[in-house]
Amino acid sequence: PAHPPRTNTMEGETVSPPQTPQDLTVFVKNLLEQMQQRFETMSERIVGRIDEMGTRIDDLEKSIGELMEQAGVDPVEQSAATAEKDKA
């Protein structure tokens with residue numbers, strides 16, 4: 001006997017394809033819910049990484065400021081000198 005074709009879901013499970021309009025509606029609804037959950041998870045991860053990068057940049061700016069202070073360099077004077085050098 002011929003086996004009915006199979007469809008893979010986003011979770012990797014194999015199911016029979018929808019046979020009725022109601023089955024198709026449920027299948028699409030479940031698929032959309034799975035996609036929404038994955039999107040939300042990815043969005044949370046991306047926002048978390050952006051926040052982490054912002055914190056690292058803030059820490060780096062603070063460290064650079066401290067190093068410049070220890071070296072006796074005025075960041076304003078250094079920026080102006082760099083800008084003048086770039087113009088030349």
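For clarity, every value in this text was computed on a predicted model and none was experimentally measured.
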Linking I/L/V/M/F/W/Y whenever their side-chain heavy atoms sit closer than 4.5 Å, directly or via other members, would Met68 and Leu60 fall into one cluster? yes
With rounding to the nearest 0.5 angstrom, report the CD to CD distance, Glu69 to Glu66. 7.5 Å
How would you list, by chain and number, every residue that makes a salt bridge (charged side-chain N to carboxylate O under 4.0 Å, His left out) with Glu33, sequence neighbours excluded? Lys29
side-chain contact (heavy atoms from CB on, under 4.5 Å) test vs Val28 passes for just one of Val26, Leu32, Thr25, namely Leu32
Tell me, please, which residues at least two apart from Glu52 pass salt bridge (charged side-chain N to carboxylate O under 4.0 Å, His left out). Arg56
Set of side-chain contact (heavy atoms from CB on, under 4.5 Å) partners for Gln36, sequence neighbours left out: Glu40
To the nearest 0.5 Å, tell me how far Ile46 CD1 sits from Thr41 OG1. 11.0 Å
Contact between Glu61 and Asp58 at the side-chain level, heavy atoms closer than 4.5 Å - yes or no? yes
Should Val47 and Ile57 be regarded as members of a common hydrophobic cluster, given that ILVMFWY residues are connected when their side-chain heavy atoms come within less than 4.5 Å of each other, either directly or indirectly? no
